[in-house]
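The next block holds one structure in the form of structure tokens; read it before the comments.
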Amino acid sequence: MAHQWRGVVAEYADRLPAHLLERTVTLGEGGTPLVPAPVLSERTGADVYLKVEGMNPTGSFKDRGMTAAMSAAAGRGAKVVVCASTGNTSASAAAYATRAGMICAVLVPDGKIAMGKLSQAIAHGARLLQVDGNFDDCLVAARKLAESYPVELVNSVNPDRIEGQKTGAFEIVDALGDAPDIHVLPVGNAGNITAYWKGFREYAGLCPDAPGGSLPAVATRTPAMWGFQAAGAAPIVLGHPVTEPETVATAIRIGNPASWRQAEEARDDSGGVIESVTDDQILAAHRVLSAEAGVFVEPGSAAGVAGLLSRAERGLVPAGARVTVTVTGHGLKDPQWALRTLDGADVEPTRVSADVVSIADALDLS
Ligand SMILES: *Cc1c(COP(=O)(O)O)cnc(C)c1O
């Protein structure tokens, strides 16, 4: 146990607000692997690594922000928390609230939540309310509830969420010895791109007023931030909210991102881009990740890789650049996409009789 990872609040205590340390609520989140992806390096001519956030306790990066938000709420003596969610926030909030002995209310949009995530929220005992509306409606309602009742909001508009999530950037720099040239990630409500940009800047010593801002810089530079939205839910790319967002990538099916302005700042200040990728590109990247790189993610998580591959095809990835990609959530959350070919046909197992020769034949071994 001497070297057990303690969760991101304890591991990065000197760079987080002190109020998170009063009553830390943790399930050991963070410390996720940064996996080299030779398959993607070959396809892009860059040096590509995957930050595999599906390895967090509830299977997505949301746990980094949730340990912080829930620690802050616990420190203030909160009894009830609320969140709006496309799925992963509710899974995470439910688990951390249980850990903290709090009640967790979850507002999910009608009919668009991946089954794995819904079952997590229920398994952890959340008070789940399916709202007649989309994610953006749920977030408005959750904010109003928290304003009018003794309830803490744990969505990423809660600044403690961003504080926790910035540790993803810290871990990447710790693993590589410096910041990458380019950091890639999917963009939904835009909390994560905001958090990573904050983390990279703080680690490069560019935020003297941040907690730990007087500590020596760990990185010598910051990366260009490349964010990708789904084409049917791409408000930042289009420059206006999308009233009926639609995409297979339910985790980023958001028409009016709460951290819109911060995402544009991250893009502009880092010399990066925010572009959109189609559902076909997302599902193709999902397949490359699982069938070629050995990393199973949910569709939303594949949007970053889809964008990277798309830019590589257009000759827009600098040769030899060091590129890190946050793959945000685990494939088991929304596994149906693996059971379908890219043309939409169901995948059926090949039936064989129980003798070795038929099995060897079926495997083309003879
Ligand atoms: C929440 C989430 C996103 C989007 O992150 P934002 O911070 O909302 O931009 C992407 N992928 C997964 C798996 C998520 O859970």
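Read the numbers this way: they start at 1 and go in the same order the structure lists the ligands and their atoms. The structure presented is a predicted model; accordingly, all values stated were derived computationally and were not measured.
Counting non-hydrogen atoms of other residues, nucleotides and ligands closer than 6.0 Å to CZ of Arg314 gives a total above 12.
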Step-by-step side-chain hydrogen bond (donor to acceptor under 3.5 Å, both in side chains) determination, Ser358 to Ser353: CA-CA 6 Å; Ser358 327; Ser353 54; 3.1 Å; yes

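The two residues Ser270 and Pro223 have their closest heavy-atom pair at CB-O, 3.5 Å.
Within the 4.5 Å cutoff, side-chain heavy atoms of Pro180 are placed close to those of Ile172.
If you look at ligand 1, the protein residues with a non-hydrogen atom under 4.0 Å away are Phe61, Lys62, Asn88, Val187, Gly188, Asn189, Ala190, Gly191, Asn192, Ala251, Ile252, Glu298, Ser301, Thr328, Gly329.
When each of Thr326, Thr324, Thr167 is paired with Tyr196, the side-chain hydrogen bond (donor to acceptor under 3.5 Å, both in side chains) condition holds for Thr326 and for no other.
For Glu152, the salt bridge (charged side-chain N to carboxylate O under 4.0 Å, His left out) partners are Arg76, not counting sequence neighbours.
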